[in-house]
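Only one structure is covered here, and it is reproduced in the block below.
If you're wondering where the values come from, they're calculated on a predicted model, not measured in any experiment. All values below come from the heavy atoms of this structure, side chains included, with hydrogens, waters and symmetry mates left out. For ligands, and for the atoms within them, numbers begin at 1 and follow the listed sequence. We're numbering straight along the sequence, starting at 1.
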Amino acid sequence: MYNFLIKNINQSKGQVLVLETQLNEILREALSAIGCAETQNDVELLRVEYLGKKGKLTLILRGMGKLSDEEKPRVGKLANEVREALEDAISDKKAYFEQKSVLEKLSKQTIDVTLSGKKLPAGHEHPLYLVLNQMLEVYQSLGFSVVEGPEIEWVKYNFDNLNVPLDHSSRDYSDTFYFTDDILLRTQTSPVQIRAMMGKTPPLKILSPGKVYRNDEIDATHSPLFHQLEGLIIDEGITMADLKGTLDYVAKILFGEETTTRFRPHQFYFTEPSAEMDASCFACKGKGCRICKGTGYIELLGCGMVHPNVLRLCGIDPDKYTGFAFGMGLERSAMFKYGISDMRLLFGNDTEFLTQF
Ligand code: DAH
């Protein structure tokens, strides 16, 4: 029994020596092979040969199973050192080849600075904005300046100060999106008039484009979100003649010199008198066609002389100042201008449709 143990220890001692020699041998052999490797691929093959699942180092480590518990850490430590040294040598050599190949590529590459750049597709102005920008340009040339207001608005500014009666149907929950009893999504751009007039001394000459919201089902001519353009002039001595002259002049610029306009009586609570303005159809010149539905005219906007109550509610003396206002739907204008029959086309992002204009 005793003899047997000694024999085993000796055998095991012998085994440690063998493994240590083998590990040193592998280290020497592998480092020299890595040093001689000529390509990235050579290095990878060497990695597999020494460190792979069936690699030389791995096989030796498997032989450690026979060692005693005291011997294992000694050989294990050496084996780890050998593995780390090989891993370092391999990754250094790989990095060397990578850098070499980048440098080679760079030295071969020449850049032709005379080549023209790649053309990126440029965006296209939306038909709504084409119409809006054209209108802004004309009105701005007449001295109007653009003023914007919030889309989330006080009920007071959207209805009360605009002289809209408390029982008017446009105030209903079924027509308007309310946040609270006092706050809503504006149903028109007219509250910007109120904001422009409050605490200011005329003259005022403003233009206000923006989104408005109504509780409507979506169809070919309705959308819960649409755009309006609002205009307002307040000064001493402004009359209905100024309103007609200005709007007629703009229609002629937008639709052509031969365009005629007509004013039909209408009712808005914030203007008195109020009117709707039609322009002779630009497509058929008033003869009647598909675009004007045979009438020869297209309905363009609502307008009127600012109601004295509105001026008073904004702190402006109606005995000293008068003014006119107008408002129009931009979707409608774009649909007329471009002969678009369905409003939904303006909200779909179909670039094939949109790039036609
Ligand atoms: N706010 C009106 C609407 O949404 C449009 C309008 C009509 C605006 C007459 C005005 C105006 O400023 O004078 O139907």
- Evaluate the criterion side chain to side chain contact (heavy atoms under 4.5 Å, CB included) for residue pair Ile234 and Phe324; output intermediate values, then yes/no. CA-CA 7 Å; Ile234 308 284; Phe324 72 80; over 6 Å; no
Report all side-chain donor-acceptor pairs from residues 129-138 shorter than 3.5 Å, counting only partners two or more places apart or in another chain.
| unit_1 | atom_1 | unit_2 | atom_2 | d |
| --- | --- | --- | --- | --- |
| Asn133 | ND2 | Glu125 | OE2 | 2.5 |
| Asn133 | ND2 | Tyr129 | O | 3.2 |
| Gln134 | OE1 | Lys337 | NZ | 2.7 |

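- For ligand 1, the 4.0 Å heavy-atom shell contains residues Gln188, Ser190, Gln193, Arg214, Gln228, Glu230, Phe268, Phe270, Thr271, Gly302, Cys303, Gly304, Ala325, Phe326, Gly327.
- The shortest non-hydrogen separation linking Ile340 to Ala334 is CD1-O, 4.2 Å.
- Cluster note: Leu106 groups with Val102 through ILVMFWY side-chain heavy atoms spaced under 4.5 Å, whether in direct contact or through intervening members.
- Applying the ring pair (Phe, Tyr, Trp, His ring centres under 6.0 Å) test to residues at least two apart or on different chains, none of the pairs has a partner in residues 45-104.
- Of the candidates Val212, Leu346, Leu229, Leu330 forms a side-chain contact (heavy atoms from CB on, under 4.5 Å) with just one, namely Leu229.
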